[in-house]
Amino acid sequence: MAGPRFNVNVGVLGHIDSGKTALARALSTTASTAAFDKQPQSRERGITLDLGFSCFSVPLPPHLQPAGTEARPAARLQFTLVDCPGHASLIRTIIGGAQIIDLMMLVIDVTKGMQTQSAECLVIGQIACKKMIVVLNKIDLLPEGKRQATIDKMTRKMQKTLENTKFHNSPIIPVAAKPGGPEAPETEAAQGISELIELLRAHTTLPTRSPLGPFLMAVDHCFSIKGQGTVMTGTILSGSISLGDNVEIPALKVMDDYSVIGRSLFKKETNIQLFVGLKVKLSTGEDGVIEGGFGQSGKFKIRIPSGISPSTKQLFTTTSKRKGKSGKEDLTKEEDHSKTDPSQHVTIHLSFKRYVFDTQKRMIQSH
């Protein structure tokens, strides 16, 4: 009979090409639908584009056995690895993954040391979790005669880097998750993985999650399975749920009284940050300011300092109901022709001029 299973989420963070996915693969024995860069774009580009999930389990260590109870040999400790992207442009995805981790592994390429995204991941980790393990990866690339000396030198550098952070006592361990690199045969055995697993066991504490109170789940990942539909996975923060229960997801309101979401004014590839701070005018008369991008689809947020008039809000509500499935209260640009009545659209007027010879390509308001 299987014993109880306790889960801990371990974030795998670090600079691009530091070997995070290779490390997760080496640690894992059970791969999920979203594990190990299964997206075609990830395989084509050779980098992680989304959160990857995989897991492995070990016997529950003695220090995690509940006090005052008999040891349960069949109890298991499950490590769910959250493989985060390392590319700078995917920092939002990294932050999304960091929100649900209990323990962080900061993966460092031992031949390069701390890099730009390594430092960013360290900052995110200080906000998101309490414990961290530093993994010095790719030790197989170091010359054998100088290997230990280089590892010791990098260990001292990392200790110096961490001395003024909450992770100043974090353990540092050398490994080679994929000796020989990505193209090496699978027969090449990883180095230091069993030691890393023991280190994870020793430094793990069980997160506090109460089965009482309202059901609250952080959605970690969302993907599609052909023939089944959309699947959402998540971490239950409070409350409980049983197999066969129905869960209702409440609708969220995208707009408040002082902001709206615009669409179709920019192409998806446009750097909307260049337009942040520019003034716009709605066809309904309100003046607004572009605050920033909204997702990765070319949508953007407009702030209306004076507030949205009741008549405009009513127009949004009518348009939203007519759209049916989308349920989103979006604006459309003037050139957007729809099957619905054009007179019901709220359009955005943006006037600006661009200094063609400005190396920074700044956008300047024309009035």
Side-chain angles (χ1 to χ4, degrees), residues 8-58 78-88 90 93-94 97-98 101 103-118 120-122 124-125 132-144 147 150-151 154-155 158 171-201 221:
V8 174
N9 293 336
V10 179
V12 187
L13 288 83
H15 193 85
I16 187 171
D17 288 335
S18 57
K20 299 180 296 298
T21 302
L23 180 64
R25 184 180 285 109
L27 284 167
S28 300
T29 56
T30 305
S32 74
T33 304
F36 308 143
D37 292 342
K38 288 195 174 183
Q39 288 192 71
Q41 298 93 332
S42 293
R43 292 195 296 267
E44 181 181 338
R45 295 175 59 183
I47 61 174
T48 298
L49 297 178
D50 202 351
L51 300 178
F53 294 87
S54 55
C55 69
F56 68 95
S57 65
V58 297
Q78 176 175 284
F79 291 100
T80 296
L81 304 177
V82 185
D83 179 15
C84 296
H87 199 280
L90 299 170
T93 305
I94 301 172
I101 63 175
L103 173 68
M104 171 180 168
M105 285 195 296
L106 181 62
V107 184
I108 302 293
D109 184 335
V110 73
T111 67
K112 298 177 181 177
M114 284 288 290
Q115 296 173 273
T116 305
Q117 273 68 62
S118 307
E120 290 180 352
C121 290
L122 179 59
I124 293 171
M132 181 179 77
I133 293 175
V134 178
V135 180
L136 301 179
N137 194 21
K138 302 187 180 182
I139 60 171
D140 58 298
L141 300 182
L142 302 174
E144 283 194 33
R147 182 172 299 173
T150 304
I151 291 172
M154 186 58 68
T155 299
M158 290 304 304
I172 302 173
I173 183 171
V175 306
K178 188 70 171 68
E183 304 303 323
E186 297 296 331
T187 53
E188 289 284 342
Q191 303 170 21
I193 298 302
S194 57
E195 291 82 358
L196 176 57
I197 291 175
E198 287 305 312
L199 194 61
L200 285 168
R201 289 186 69 206
H221 194 62

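Residues: numbered from 1 along the sequence shown. Keep in mind it's a predicted model, so treat the numbers as computed, not measured.
Under the 4.5 Å side-chain criterion, counting only non-hydrogen atoms from C-beta, M114 is in contact with M158. Counting heavy atoms from C-beta on, the side chains of F79 and L27 never come closer than 4.5 Å.
Here E198 pairs with R201 under the salt bridge (Lys or Arg N to Asp or Glu O under 4.0 Å) rule; sequence neighbours left out. Listed by chain and residue number, K138 satisfy the salt bridge (Lys or Arg N to Asp or Glu O under 4.0 Å) test with D109 (two or more places apart in sequence, or in another chain).
To the nearest 0.5 angstrom, N137 atom CG is 6.0 Å from L23 atom CG. Here I151 contributes atom CD1 and I172 contributes atom CD1; the two are 12.0 Å apart, rounded to the nearest 0.5 Å. In this structure, CG on D17 lies 8.5 Å from CD on Q115, to the nearest 0.5 angstrom. To the nearest 0.5 angstrom, L13 atom CG is 10.0 Å from M132 atom CE. The CD1 atom of I173 sits 6.0 Å away from the CD atom of E195 when rounded to the nearest 0.5 Å. Atom-to-atom distance recorded for L122:CG and M104:CE is 6.0 Å, nearest 0.5 angstrom.
The heavy-atom pair separating S118 from L106 by the smallest distance is O-CD1, 3.9 Å. Contact detail for I139 and P174: the closest heavy-atom pair is CG2-CB, 3.8 Å. Scanning all heavy atoms of the two residues, the minimum distance from D140 to P179 falls at OD2-CA, 3.3 Å. Annotation for H15 and T116: closest pair ND1-N, 3.7 Å, computed over non-hydrogen atoms. Listed here is the closest heavy atom pair of A26 and A190: CB-CB, 4.3 Å.
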